Each structure stands twice: as C-alpha cells, then as structure tokens.
Amino acid sequence: MSHPFDILSIPNRPGRLIFTPCPGTKDSSLGSALSVLKQQAGAHAVLSLMPTAELAQNAVSDLPAQCAAQGLSWLHLPVADEQVPLADFDAAWPAAMAQMAELLAADQ
C-alpha cells in the first residue's frame, strides 16, 4: 500500500501534523490511503479542506464514512481553492479547533 504523506512535528508540543494529498487520490483507493495514513503515519483524524463539491469531483464523497469505518475522526473545514474561508468554514471552526487541540494534546 502506498499513499504520500509528510509528518511535521510541533516544537515543544505533543502531537504532530500529517500533510497529505486527499486520501483516495494519487493512484490509491480511499480505503487503502486511509489505512496507510492510520497504520504507517499514525493518523487518528483526517481534516479535509476540500468543499463538498470538490470531494465529489474527486470521487471521495464517502470520506467521512470511510474514516469512521477505520476508526478515524473526520473534520471538515471547507475552503475553495485560492479563496478565503467563507461562512461554512467559520461555522465549523470552533468545534474543529477544539477537537484538533484535544488530539494534539493527547499526542495524536
């Protein structure tokens, strides 16, 4: 199984960030990409910035369900390419930020 990712440690803080193209793209299936991110990169959650329409265009609309099936939390903060965040991002930000902070504090 293969799916590209890079890991960024956060100086003087627990947890780390994993940067990756959208799972299910880059010549890997969605399920196998999520498995790689969980098993090899140590992911506990997936944060997607793609708007819903872009998820559909990339044939990964079932990303939330596939994350749940693999025991990964899914957070969605949609931002259109080359655009500023809009109301849907702003509405999701407080809960997502709290969940991300909790995951990082738990070294996840």
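It should be emphasised that the depicted structure is a prediction, and the values quoted were computed from it without experimental measurement.
- The minimum heavy-atom distance linking Pro11 with Ser9 is given by the pair CD-O, 3.6 Å.
- From Ser61, atom OG reaches atom CD of Glu54 across 11.0 Å, with rounding to the nearest 0.5 Å.
- Judged purely by atom type and a 3.5 angstrom limit, Asp107 has no side-chain atom pairing as donor or acceptor with the backbone of Pro14.
- Between Pro78 and Pro51, the closest heavy-atom pair is CB-CA, 3.7 Å.
- Hydrophobic clustering (side-chain heavy atoms under 4.5 Å, transitive across Ile, Leu, Val, Met, Phe, Trp, Tyr) keeps Phe19 apart from Ile7.
- In this structure, His76 NE2 and Thr52 OG1 are separated by 4.5 Å, a value rounded to the nearest 0.5 Å.
- Residues Ser48 and Leu75 fail the side-chain proximity criterion, which asks for heavy atoms closer than 4.5 Å.
- Grouping the Ile, Leu, Val, Met, Phe, Trp and Tyr side chains by contacts below 4.5 angstrom, directly or via other members, places Leu77 apart from Leu63.
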Derivation of the side chain to side chain contact (heavy atoms under 4.5 Å, CB included) call for Ile18 and Leu37: CA-CA 8 Å; Ile18 304 164; Leu37 293 172; 4.3 Å; yes

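- Rounded to the nearest 0.5 Å, atoms CD (Gln70) and CG (Leu34) are 5.0 Å apart.
- Between Ser2 and Val36 the shortest heavy-atom distance is N-CG2, 3.9 Å.
- Of all non-hydrogen atoms in Pro4 and Pro21, the two that sit nearest each other are O-CD, 3.5 Å.
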Could you give the side-chain donor-acceptor pairs of residues 90-103 under 3.5 Å, partners two or more places apart or in another chain?
{"unit_1": "Gln99", "atom_1": "NE2", "unit_2": "Ser73", "atom_2": "OG", "d": "3.4"}

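- Asn58 contributes atom CG, which lies 9.5 Å from atom NZ of Lys26 (distance to the nearest 0.5 angstrom).
- Counting only N and O atoms by type, the side chains of Ser32 and Ser35 include no donor and acceptor under 3.5 Å apart.
- In summary, the side chains of Ser28 and His3 do present a donor paired with an acceptor at a separation below 3.5 Å, with no hydrogens or angles considered.
- Atom CH2 in Trp74 sits 9.5 Å away from atom CG in Leu47 (nearest 0.5 Å).
- Taking CZ of Phe5 as the start and CG of Leu17 as the end, the distance is 14.0 Å to the nearest 0.5 Å.
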